[in-house]
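Naming convention: chains lettered A, B, ... in sequence-line order (proteins, then strands); numbering from 1 in each chain. All values reported here derive from a predicted model rather than from experimental measurement.
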Number of protein chains: 2
Amino acid sequence: MPLEIRPSQALRLWRQVHLDLVRDDEADLSARQTAILLTVYLELPPHTVRGLAQQLGVTKPVITRALDTLGKLGLLTRKRDEADRRNVVIQRTVAGALAVERLADLVTEHAKEIGGS
Amino acid sequence: MPLEIRPSQALRLWRQVHLDLVRDDEADLSARQTAILLTVYLELPPHTVRGLAQQLGVTKPVITRALDTLGKLGLLTRKRDEADRRNVVIQRTVAGALAVERLADLVTEHAKEIGGS
DNA sequence: GGATAATGATACGGGTCCGTAACGATCGGG
DNA sequence: CCCGATCGTTACGGACCCGTATCATTATCC
């Protein structure tokens, strides 16, 4: 059964969550960083720079820089792949999992507040 | 009747929409810019720099710069308030309305794809 | 009218990100 | 082995954004 949501509800939900993200701003991630973070935490490993670049439709340096920032924030980690030392495996962290969970709560909470019309 | 959405659904929805936003990137707005844009298009006018700064919990220069960028993109316009010429009224544009509508469609489309579990 | 307050814009130094191009490291096939 | 291909990273010049402090303009109030 699909999730039913009307355009006006979608916009109000989008606005409320973004308002919270801006106000809390413990993170203040860009759209690209958010897409990377959620991909790593929702899709099955392993995740590589090249794979993420293909999924997002951006160049590899973009991924490298985003990983620098997300790593600095402690939201994920990089590890060399010992099987093929050219590859780098992106791994999840506890802090990252908490941040993702917090985002999920934020969305579901505001969804509840959004009335019918 | 509230909008029912589970955390796992929320995350998948959030990821899919962000992936689309990154891939299309006709805009590539930051979280702050998105919050401003949606506030202007969802809340009743008039909108001022000071009012937006208060709602977002940020300083006025942040709003001014965001309005510069959003104005350059044609998503909204500034106009001096003739009643009180200190104020600047932020106005909607056709392009902005289309962008907001497109975002709404993006969210509702992906919501449909998101299954029950 | 002059002092005061309020509004939005600007200056500044610092940081981050962009896209293109090049780079070092590593693997694999002949 | 060695040469080409494939990783991820870094260099570069340019653009954008940040927060603080300051500015010019306009309104208000005595």
- request: Take A:D81 and A:T59, find for each the nucleotide of DNA chain C with the closest heavy atom, and name the residue whose nucleotide sits nearer the 5' end.
  value: A:T59
field: side chain to side chain contact (heavy atoms under 4.5 Å, CB included) partner of B:R78, chosen from B:D68, B:V89, B:V49
entry: B:D68
message: Please report the distance, rounded to the nearest Å, between CG in A:L56 and C1' in C:dG19.
response: 16 Å
Trace of the side-chain contact (heavy atoms from CB on, under 4.5 Å) decision for B:V88 with B:K79: CA-CA 6 Å; B:V88 162; B:K79 205 190 84 183; over 6 Å; no
Between protein and nucleic acid, restricted to nucleotides 6-16 of chain D and to nitrogen or oxygen atoms under 3.5 Å apart, what atom pairs and distances do you find?
{"unit_1": "D:dT6", "atom_1": "O2", "unit_2": "A:R86", "atom_2": "NH1", "d": "3.4"}
{"unit_1": "D:dC7", "atom_1": "OP2", "unit_2": "A:R50", "atom_2": "NE", "d": "3.0"}
{"unit_1": "D:dC7", "atom_1": "O3'", "unit_2": "A:N87", "atom_2": "OD1", "d": "3.4"}
{"unit_1": "D:dG8", "atom_1": "OP1", "unit_2": "A:V49", "atom_2": "N", "d": "3.1"}
{"unit_1": "D:dG8", "atom_1": "OP2", "unit_2": "A:R50", "atom_2": "N", "d": "2.9"}
{"unit_1": "D:dG8", "atom_1": "N7", "unit_2": "A:K60", "atom_2": "NZ", "d": "2.8"}
{"unit_1": "D:dT9", "atom_1": "OP1", "unit_2": "A:R78", "atom_2": "NH1", "d": "2.8"}
{"unit_1": "D:dT9", "atom_1": "OP2", "unit_2": "A:T64", "atom_2": "OG1", "d": "3.0"}
{"unit_1": "D:dT9", "atom_1": "OP2", "unit_2": "A:R78", "atom_2": "NH1", "d": "3.2"}

field: Residues B:E109, B:D20; criterion side-chain contact (heavy atoms from CB on, under 4.5 Å); working and verdict
entry: CA-CA 11 Å; B:E109 273 303 314; B:D20 274 16; over 6 Å; no
- prompt: Counting only N and O atoms by type, is there a donor-acceptor contact under 3.5 Å from the side chain of A:R23 to the main-chain atoms of B:Q55?
  reply: yes
message: How many whole angstroms separate atom CZ of A:R85 from atom C1' of D:dA5?
response: 19 Å
Test applied, side chain to side chain contact (heavy atoms under 4.5 Å, CB included); reference residue, B:L103; option that passes from B:V107, B:V100, B:D105: B:V107
task: Please state whether the phosphate of C:dT16, meaning OP1 or OP2, lies under 4.0 angstrom from any side-chain nitrogen or oxygen of A:R32.
output: no
query: So A:L75 and A:V40, side-chain contact (heavy atoms from CB on, under 4.5 Å) or not? Walk me through it.
result: CA-CA 10 Å; A:L75 300 180; A:V40 170; over 6 Å; no
- request: Could you check how far CD of B:Q54 sits from C1' of C:dG8, rounded to whole Å?
  value: 14 Å
query: Roughly how many Å is it from CG in B:L52 to C1' in C:dA9, rounded to a whole number?
result: 15 Å
query: Nearest-Å distance, CG (B:D84) to C1' (D:dT25)?
result: 11 Å
